Colleague: 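Here's a structure for you.
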Amino acid sequence: MNSATPLPRTNSRASVWSGSRSSIWRSWSPFNPVANYERSLDNYPWLTINEDEYSRPSPPSLRRARHKPTLNDTCEHAGASDRHQRDPERGSGDTVDPEPLLDPQEPDPNLVTWDSDEDPANPHNWPQRKKWTSTLLVSCFTFISPVSSTMLAPALPDLQRQFNIASEFDVYLIMSIFLLAYAVGPFLLAPLSEMYGRVVVLQSANMVYLVFNTVCGFAQTREQILVFRFLSGLGGSAPQALGGGVLSDCWRHEERGMAIAIYSLAPFLGPAVGPIAGGYLTQYIDWRWIFWVVSMADAVVQVLAFLFLSETYPPKILKLKADRLRKETGNKALHTEFETPDRTFLQSLRKNLERPFVMLFTQPTIQITALYRAYLYGLMYLVFASFPMVWERQYNQDPSTASLNYLSLGAGFVVGLQVSGPLIDKVYSHLKTRHCHPGRPEFRIPLMFPTALITPAGLILYGVAAHHKLHWAIPNTGAGIFAAGLILSFQCAQTYVVDSYERYAASATGAAAFVRTMAGFAFPLFAPRLYDVLGIAWGNVLLAGTAGVLCLVAPAVLWRCGERIRARSSYCAG
């Protein structure tokens, strides 16, 4: 927040003491609005409700040391009060000028909002059981669709023979076209979820994935399987596009780490498990059962989600509440703060579809985290692509045995989750206490720095051990260390983005997912040439060195400049 931007005002005294949503008197100060409001009560006793109430001591929340906070503190302390003053859909420069100190501000009697801060309809106030149900169901969706991205790899020789495919590029395109659709889908699905809610878009898109993934098993030509794989990828991209938004809806900042750790594990664990199952299904049954088995598992999750997954998007919940109240009372003027009756459906659709593109090309926070995660995600798929070469050529293992080595990556992801999940919330809470601050997204950054050592170290160990044909456990250990570093870095970056863009978390994660998935699509294409020229050892050294530099620079920039960058953004939460 630059110095030219008016700082947010506090709520009324009644709002501070009783939690009321109304705002009768407002004050403004260039430094501390809460302290300034307290002084206004002392200087203007006629602002109090009655004489007895004026004579009683101030609430503890207002009896704190009056110091001049830094601009950073003021920026974060503003929080939600500043969000309604800046409307990103009307331009980043739109602000609301503060009213005079004694100018009364009438509350809008037709505004529909939460009944109180403890309103059970607010997903932040849901019971822990309901929050974890939503988190686990979304994580299951996010696990199943990435399985399809790599599960077909062991069956590619069979597909090549059955469909008479001569070009190696066309063969690998059958597998990678799924990721291409994965990159395109979020630009459509994420903004739609911010118009119609998370659940309806998630379940509708998953039905598209379920249908076309099943149809892939009946394909008779190369063209058919390419089209069906692309359409199934579009539907399968929904969980990665919407999952961050669901978690942002349900969990408060200090609770979010473990939930995002589990959610972030799914897109890594799925590609690691997929080739193992695919190898055995291809060897002992038929490649078509790869699609049908995945569809069976997805159908089970779809039914569970239909029964137990509730809507989490607050604007959608409040809109349903407003619709119900309008029907019950006959008052057509009732509305929520998120509704824009001056826009037509097509205008709203265009604005929401534009948002991920606008955010990707205008938000430095998204650009930095997207490039950071894209490189690491590309490395993961590059390692996946190198496994057949290492284990079948270097170690002379048969395909089914070679596929078992993917378990090292899965084990690394699980171990990384066990360490990083609880740790990220503890570090966040510790930094809140240490800095006497209500919390900011930058408190997620410190855990990103260890990945500058962990991820490259694992990649180098894997490459050097494979080059010298050391015992098979050593390259697998390197792959596991590499995977643990990946899950830690991804979790921190994902949580940082979700904390920064709460209302637009789906669009933010969807825009970042495009860059990440395109890297996952492209990196395996140059892996054979890279290793042919440099070898598995020096090739991994080059990739690890680049990763080490990137894993130092990106978090350093976000830690030092992230708050200033976010303050200039009309989309950020605060």
Side-chain angles (χ1 to χ4, degrees), residues 8-26 78-91 94-99 103-126 130 134 191-202 204 242 245-246 248-250 309-353 355 502-507 570-571 573-574:
R9 297 153 298 187
T10 63
N11 289 333
S12 67
R13 183 169 179 251
S15 298
V16 174
W17 285 359
S18 66
S20 171
R21 295 187 307 274
S22 63
S23 182
I24 300 175
W25 304 100
R26 295 178 182 267
S81 175
D82 188 51
R83 285 200 293 275
H84 75 268
Q85 296 186 37
R86 296 184 302 176
D87 185 357
E89 307 298 352
R90 297 180 181 175
D94 289 355
T95 56
V96 179
D97 294 330
E99 294 91 345
D103 187 21
Q105 184 74 21
E106 290 295 332
D108 185 353
N110 295 315
L111 181 64
V112 177
T113 182
W114 307 120
D115 294 337
S116 67
D117 291 340
E118 291 77 32
D119 189 342
N122 186 342
H124 279 175
N125 299 323
W126 283 358
K130 191 173 182 179
S134 300
L192 286 178
S193 76
E194 289 162 356
M195 292 180 64
Y196 301 108
R198 316 287 194 204
V199 172
V200 63
V201 176
L202 178 62
S204 300
L242 310 183
V246 172
S248 173
D249 298 338
C250 293
L309 184 60
S310 303
E311 181 57 63
T312 66
Y313 192 44
K316 175 68 174 181
I317 298 173
L318 290 174
K319 183 179 184 302
L320 294 176
K321 178 180 179 180
D323 291 341
R324 176 175 55 81
L325 292 175
R326 282 192 288 262
K327 184 177 180 180
E328 293 175 354
T329 64
N331 182 3
K332 303 299 182 183
L334 293 173
H335 65 280
T336 71
E337 62 177 308
F338 307 105
E339 293 179 286
T340 52
D342 56 322
R343 285 186 189 158
T344 66
F345 168 78
L346 291 179
Q347 288 174 329
S348 298
L349 181 63
R350 179 182 61 82
K351 179 64 68 176
N352 281 276
L353 292 179
R355 187 185 300 119
E502 288 190 322
R503 179 181 172 187
Y504 301 107
S507 287
S570 56
Y571 288 98

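What you see is a predicted model; the values in this text were computed from it and never measured.
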Colleague: Could you tell me the separation between the CG atom of Leu309 and the OG atom of Ser134, rounded to the nearest 0.5 Å?
Modeller: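 That separation rounds to 5.0 Å.
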
Colleague: Excluding sequence neighbours, so at least two apart, what forms salt bridge (charged side-chain N to carboxylate O under 4.0 Å, His left out) with Glu118?
Modeller: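 Per chain and number, Glu118 pairs via salt bridge (charged side-chain N to carboxylate O under 4.0 Å, His left out) with no residue.
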
Colleague: Main chain of Lys316, side chain of Glu311: is a donor-acceptor contact present, judged purely on distance under 3.5 Å?
Modeller: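 The answer is no, because no donor-acceptor pair under 3.5 Å joins these two groups.
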
Colleague: Lys130: which residues meet the salt bridge (charged side-chain N to carboxylate O under 4.0 Å, His left out) condition with it, sequence neighbours left out?
Modeller: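 Testing Lys130 for salt bridge (charged side-chain N to carboxylate O under 4.0 Å, His left out), a comparison that skips the adjacent residues, returns none.
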
Colleague: Please name all residues satisfying side chain to side chain contact (heavy atoms under 4.5 Å, CB included) with Pro120, sequence neighbours left out, ordered by chain then number.
Modeller: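 So Pro120 forms no side chain to side chain contact (heavy atoms under 4.5 Å, CB included) with any residue.
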
Colleague: Can a side-chain donor-acceptor contact be found between Asn125 and Asp119 if the only test is distance below 3.5 angstrom?
Modeller: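 Checked: Asp119/Asn125 side chains show no N/O donor-acceptor pair below 3.5 Å.
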
Colleague: What are the two closest non-hydrogen atoms of Pro123 and Ile317, and how far apart are they?
Modeller: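 Distance-wise, the nearest heavy atoms are CG-CD1, 3.6 Å.
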
Colleague: Would Cys250 and Trp126 count as a side-chain contact (heavy atoms from CB on, under 4.5 Å) here? Give the steps.
Modeller: CA-CA 8 Å; Cys250 293; Trp126 283 358; 4.0 Å; yes

Colleague: Is any side-chain heavy atom of Trp114 less than 4.5 Å from a side-chain heavy atom of Leu318?
Modeller: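 Touching, per the 4.5 Å side-chain cut-off.
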
Colleague: Going by the rule side chain to side chain contact (heavy atoms under 4.5 Å, CB included), which residues pair with His124 if we only count those two or more places apart in sequence or in a different chain?
Modeller: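 Result, side chain to side chain contact (heavy atoms under 4.5 Å, CB included) vs His124: Asn122, Arg252, Arg256.
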
Colleague: Tell me every residue that passes side chain to side chain donor-acceptor pair (under 3.5 Å) with Thr312, counting only those two or more places apart in sequence or in another chain.
Modeller: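 For Thr312, the residues satisfying side chain to side chain donor-acceptor pair (under 3.5 Å) (neighbours in sequence not counted) are Asp249.
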
Colleague: Can you name the side chain to side chain contact (heavy atoms under 4.5 Å, CB included) partners of Val112, sequence neighbours left out?
Modeller: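 Expected list: Lys321, Ala322, Leu325, Leu334, Thr336.
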
Colleague: Could you work out, with salt bridge (charged side-chain N to carboxylate O under 4.0 Å, His left out) as the rule, every residue matching Asp323, not counting sequence neighbours?
Modeller: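 Once residues adjacent in sequence are excluded, the partners of Asp323 under the salt bridge (charged side-chain N to carboxylate O under 4.0 Å, His left out) criterion are Lys319, Arg326.
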
Colleague: Looking at CG of Asn110 and NE2 of His335, how far apart are the two atoms once the value is rounded to the nearest 0.5 Å?
Modeller: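 The NE2 atom of His335 is 6.5 Å from CG of Asn110, to the nearest 0.5 Å.
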
